[in-house]
Structures are given as structure tokens and as C-alpha cells.
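Report on the following structure.
Any value given below was found using the heavy atoms of this structure, including those in side chains, with hydrogens, waters and symmetry copies removed. The sequence lines fix the lettering, A, B, ..., with proteins before strands; numbering per chain opens at 1. These numbers were taken from a predicted model, which means no experiment stands behind them.
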There are 2 protein chains.
Amino acid sequence: MALAKPKRADARRNYDQIVAAAEAEIDRHGADASLEEIARRAGVGSATLHRHFPTRQALLEAVFHDRVEVLCAQADELAKRPDAGAALVDWLRAVAVYGATTRGLARSLLDGGRDPAPPVDSTCEAMLVGAGGELLRLAHDAAAVRPEVSIVDLLTLVNAVSLATEGSTDAAAEATRLVDLALEGVRPRG
Amino acid sequence: MALAKPKRADARRNYDQIVAAAEAEIDRHGADASLEEIARRAGVGSATLHRHFPTRQALLEAVFHDRVEVLCAQADELAKRPDAGAALVDWLRAVAVYGATTRGLARSLLDGGRDPAPPVDSTCEAMLVGAGGELLRLAHDAAAVRPEVSIVDLLTLVNAVSLATEGSTDAAAEATRLVDLALEGVRPRG
DNA sequence: GTACGATATGGGGCGGCACCCCGGTTCACC
DNA sequence: GGTGAACCGGGGTGCCGCCCCATATCGTAC
């Protein structure tokens, strides 16, 4: 379901170069890096970039697709663990750290969940919801999580933490701390 | 300690007009509204805007200063209530809703907490930390909150929620739900 | 009420950006 | 190798943030 586009060889080559350049540039300057600069570094004209990626969000999705896949694979792995509650928490922590340390990812996911007309309904968001949903289901079955908690809310919360900690010194530690706080709550456990 | 600047009458007038125009424009287009457009609507040259507010963050701080003061006053009021835990939670909810429904505020607070060289160390952030810190102290005294929870973490979390929900349809409801989730935690209460 | 220096103003210039048009080039297939 | 379709990218347009400096305005002392 993903092999409809690859038309010509040079187009494919440029596509890959653009994604690679975008990856580097976004890592340097965040989610709103200069598209012109990306095109320049990729060695293509800016028109080519705009043809391949009609919107900035499309480019971000392409750049982060692989990384999100890694997170989803991790979720599948964690799903095998006996303690479903801990598995879910571990995964959410991993997502938060990933988002906090990978510049632009959190922003991309946030905007992706907003877009009025998602071209192919924001894939990254959907992937995470799918993988996390399974973990949450298991946690629910184990009564490790309150029943009214939804995966969308959890991911929004975790992504919010990524967003807020991205760029801090030691973003990973801060993201972890905040996610733990959010998942555990503020009241003392009685 | 805030009356060092007001020098000339026309300057003051332009300053106020710029802030008013910025308020309207930010409400329309979010935290990265066009500064040129703001200057235009304020009836001043763009140079004047840049002279009064050397950085975008400075303008945001000026725009949101009053609103943040309202929140702080609300905190002082809540501090009188007998149930310190509930007071803290109510206030954090209010902050989240305020941030989620006031375009640009959350972004402003986020960036304010980051700035390498805060001109007069981001005032809005400091005000909230001060007012919220008192509420948290009371909650700590009442043992309504785990001792390792800090006000900075709480505000970061709440602001993260604002950031993530700003722009959603019914941002207030979503922000409230997520804050409640974060403050309560995901595990069932035993 | 006038004159004068300090203070503030804004038109206009500069560099950079996103986005798009269209003549020219390159590929894939025969 | 030839041909049509797919693709490319230089360069144009309009908008932006930011800054310089000749000019206008204010506050004050007389």
C-alpha cells in the first residue's frame, strides 16, 4: 500500500537526497528549518522539493517515518512482556525521550494531528496510535490502567512533554521525569 | 520596580497601541503573527515596533503580562481555601485552560523559559512560579502532594498541555481532561 | 510663548524565505 | 538511437524581519 509513487529513477534519487538533507537540517534548526536551505544542501532546486513535498508537514512525515516505525516495533516487542502496565509505561517513556531528543518530531506529530485535510491521514500519528493502542489494551485487561484512559490522550500528553522539553539541556532526563510525574499523578499513593 | 522606562508621552502612546494591535493579531494568527502587520495595524512604522520590543518574545511578554497577573491573583485567592490540594489542582486547571484558549500564551511561556539571556528574566514565567509555588507549598504541608513534585515541573507539564491542545476544537475541555489525567495518573486508585 | 536639545519616528533598503511558472533536460521504453 | 512523457531548476513574485538615518515631535528652561 506504499508503492504507488516510485516513478522514475532520478525522481526517486532526488527524493531520497531531499529527505536526507532535511533530516540533517531539521536536526540542526528544528522543525521550521529553511526549505530553501534543505533543497540547496540536497543539490536540487527548490521547485523540486516543493513538487515532492507539497507541504512542510509532508516532508516532516517522510523524515520521521522510519524513526516512528522503530518505536512501533519496540511496542510490539514490549507487548510480549508479562507486566502490561510496566510495558505501557516503558513505551510511553521511550516515546517521550525520542520526541524530546529528536528535533522537530514532536512538532510534526502535533501538527499532523491537527491538519484539517490530512493527505493520507497523518501516518506517523496513526502508526503510534495503532502500536500504543495494543499496549494499552493489554494494560486495561490487566487492570493496570484506569479504564477511561485512552491512547490518544496518553500520546497527546507524552507528545506535549516532548514538545515542552525539546531543546532543554538533557532533554531526555527532563522528559522522563515529566512523563513519570504525569503517569503517576501528583497525589501520594495511599 | 516597573517604572523605569516611561519616558516620553508619544512613546508611551505608541507602545500601548502596539500592544493592543499585537493582542488582536496574535489572537487571530497565533504566536508567530506578522510583526509588520501588527505595526501596520497599530499605525506605526515597523522600526518603532522593533525599537520598543527588540525581540518577539519581549512583545509577547508585554501582551500577556496582564493575563498572567490575573492568574496569579486567582492563585492568591485559592490559597485561602482550606483544601490545599484541591486549590492547587483547580489553579493548574485554570492555567491550562487559559493557556489553551489564549493563542500564543503557551508558546510565549515555553520560549520564555528557554531564552539563553532573558532580558529581565522572563517575567511571566517567574510570576507563575511565584504564585504557584505558594499553592504548592500549602499542598505539601497538607501532604496532599508527593514531596518530590516541584512547581516548575507542574507548570511545565501544564504548559505542555496548553501547547498541545491550543487550536483544538473545544481546547478548554481537552486541556482540562489532560491535566486531570496527568495530575491523577493512569493507574487505578487502590 | 518661544527656542532648543534630547528623544522618538518611519520610509525605505537589505537579505532571506516560501512558493510557482515554464523552457529545457533526462529518463524509460521500443 | 529515437521519441514522448516525466522531471528538473533558474529565476520571478510577494512577504517577512530587521536596521539606518534624515526628519519630526516632545519636554523644559527661560
Contacts of type side-chain hydrogen bond (donor to acceptor under 3.5 Å, both in side chains), residue B:E184, not counting sequence neighbours: A:R187, B:R189
Here the distance between atom P of C:dC17 and atom CG of A:L59, to the nearest Å, is 15 Å
State whether A:R56 and A:D111 are salt-bridged, where the test is any N-O pair (Lys NZ or Arg NE/NH1/NH2 against Asp/Glu carboxylate O) under 4.0 Å. no
When you check every protein heavy atom under 4.0 Å of nucleotides 21-27 of chain C, what one-letter string (B, S, -) results, 5' to 3'? B----BS
Please list all pairs meeting ring pair (Phe, Tyr, Trp, His ring centres under 6.0 Å) that have one or both residues in residues 53-76 of chain A, counting only residues at least two apart or in different chains. A:Y15-A:F53
Got a sec, which residues hit side-chain hydrogen bond (donor to acceptor under 3.5 Å, both in side chains) with A:R13, two or more places apart in sequence or on another chain? none
Quick check on C:dG10: is either OP1 or OP2 less than 4.0 Å from any side-chain nitrogen or oxygen of B:H50? no
Residues which pass side-chain hydrogen bond (donor to acceptor under 3.5 Å, both in side chains) with A:R51, listed by chain and number, not counting sequence neighbours: none
In whole angstroms, how far is the C1' atom of D:dC15 from the NE2 atom of B:H29? 13 Å
Round to a whole Å and report the spacing from CD1 of B:I18 to C1' of C:dT9. 11 Å
Quick one: side-chain hydrogen bond (donor to acceptor under 3.5 Å, both in side chains) partners of B:D180, sequence neighbours excluded? B:R93
Toward the 5' end of DNA chain C, which comes first, B:S46 or A:D32, by nearest nucleotide? B:S46
Pairs where residues 143-152 of chain A contributes a residue and the test side chain to side chain donor-acceptor pair (under 3.5 Å) is met, not counting sequence neighbours: A:R146-A:E148
B:R12 CZ - C:dA8 P separation (whole Å): 12 Å
Show me the pairs that pass salt bridge (charged side-chain N to carboxylate O under 4.0 Å, His left out) and involve residues 151-174 of chain A, at least two apart or across chains. A:D153-B:R177
How do B:L35 and A:N14 order along DNA chain D: which one's closest nucleotide is nearer the 5' end? A:N14
Quick one: label B:S34 by what it contacts on the DNA or RNA (base, sugar-phosphate, nothing), any heavy atom closer than 4.0 Å. sugar-phosphate
Taking CZ from B:R56 and C1' from D:dC18, how many angstroms apart are they, rounded to a whole number? 12 Å
Do any of residues 36-44 of chain A sit with a heavy atom less than 4.0 Å from DNA chain D, and if so which? A:G43, A:V44
Taking every non-hydrogen atom, the tightest pair across B:L88 and B:L154: CD2-CD1, 4.1 Å
Atom CG of A:L49 to atom C1' of D:dG11: distance rounded to whole Å? 17 Å
